[in-house]
Amino acid sequence: MTVPMPFRKTRHRDEARQDWIEERLREARIVVADVVHHSDHMVRLACKVLVRHGQTPEEREDARLLLVVLDAKSPGRVDRAQPDREGSR
């Protein structure tokens, strides 16, 4: 009996995926470091990446807090994203 061989070699694919993720994290950190020169939409996207994939708990928490600040800056944004439950009755 022989040992089954894996269907595909995952090493190259996994390395490429990890490189892609690291590049997105680097870009997100650049955007957050220079908030003044980026749109709120871009900063929100960068924060969501860092909240989800940040390397340290401090980095993830800082990104989460920045999202809270952005939501406070435009409070109507949250209401527009959610459907109006009272009006749909």
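Just so you know, residue 1 is the first one in the sequence shown, and it goes up from there.
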**OP:** Work out which heavy atom in Gly54 is nearest to a heavy atom in Leu25; give both atom names and the distance.
**Re:** N-CD2, 4.3 Å
Original post:
Looking at residues at least two apart in the chain, or sitting in another chain, which of them share a side chain to side chain contact (heavy atoms under 4.5 Å, CB included) with Asp19?
Top reply: Glu22
Original post:
With ILVMFWY side chains joined below 4.5 Å, transitively, what does Val36's cluster contain besides itself?
Top reply: none
**OP:** Give me the other members of the hydrophobic cluster that Leu67 sits in, counting Ile, Leu, Val, Met, Phe, Trp and Tyr linked by side-chain heavy atoms under 4.5 Å, directly or via other members.
**Re:** Val51
**OP:** Locate the shortest heavy-atom distance separating Leu50 from Val32; write the atom from each residue and the value.
**Re:** CD1-CG2, 3.7 Å
Subject >> Connected via hydrophobic side-chain network under 4.5 Å: Leu45 and Val35 >> reply: no
Original post:
What distance separates Asp71 CG from Arg44 CZ, expressed to the nearest 0.5 Å?
Top reply: 5.0 Å
Original post:
Going hydrophobic residue to hydrophobic residue with side-chain gaps under 4.5 angstrom, can you get from Val31 over to Leu66?
Top reply: yes
Subject >> Straight-line distance of His38 NE2 to Ile30 CD1, nearest 0.5 Å >> reply: 8.0 Å
Original post:
Which residues pass the side chain to side chain contact (heavy atoms under 4.5 Å, CB included) test with Arg17, sequence neighbours left out?
Top reply: Ile21
**OP:** Sequence neighbours left out, what passes side-chain hydrogen bond (donor to acceptor under 3.5 Å, both in side chains) with Arg64? Give chain and number order.
**Re:** Glu61
Original post:
Any salt bridge (charged side-chain N to carboxylate O under 4.0 Å, His left out) pairs touching residues 24-33, not counting sequence neighbours?
Top reply: Glu23-Arg26, Arg24-Glu27, Arg29-Glu59
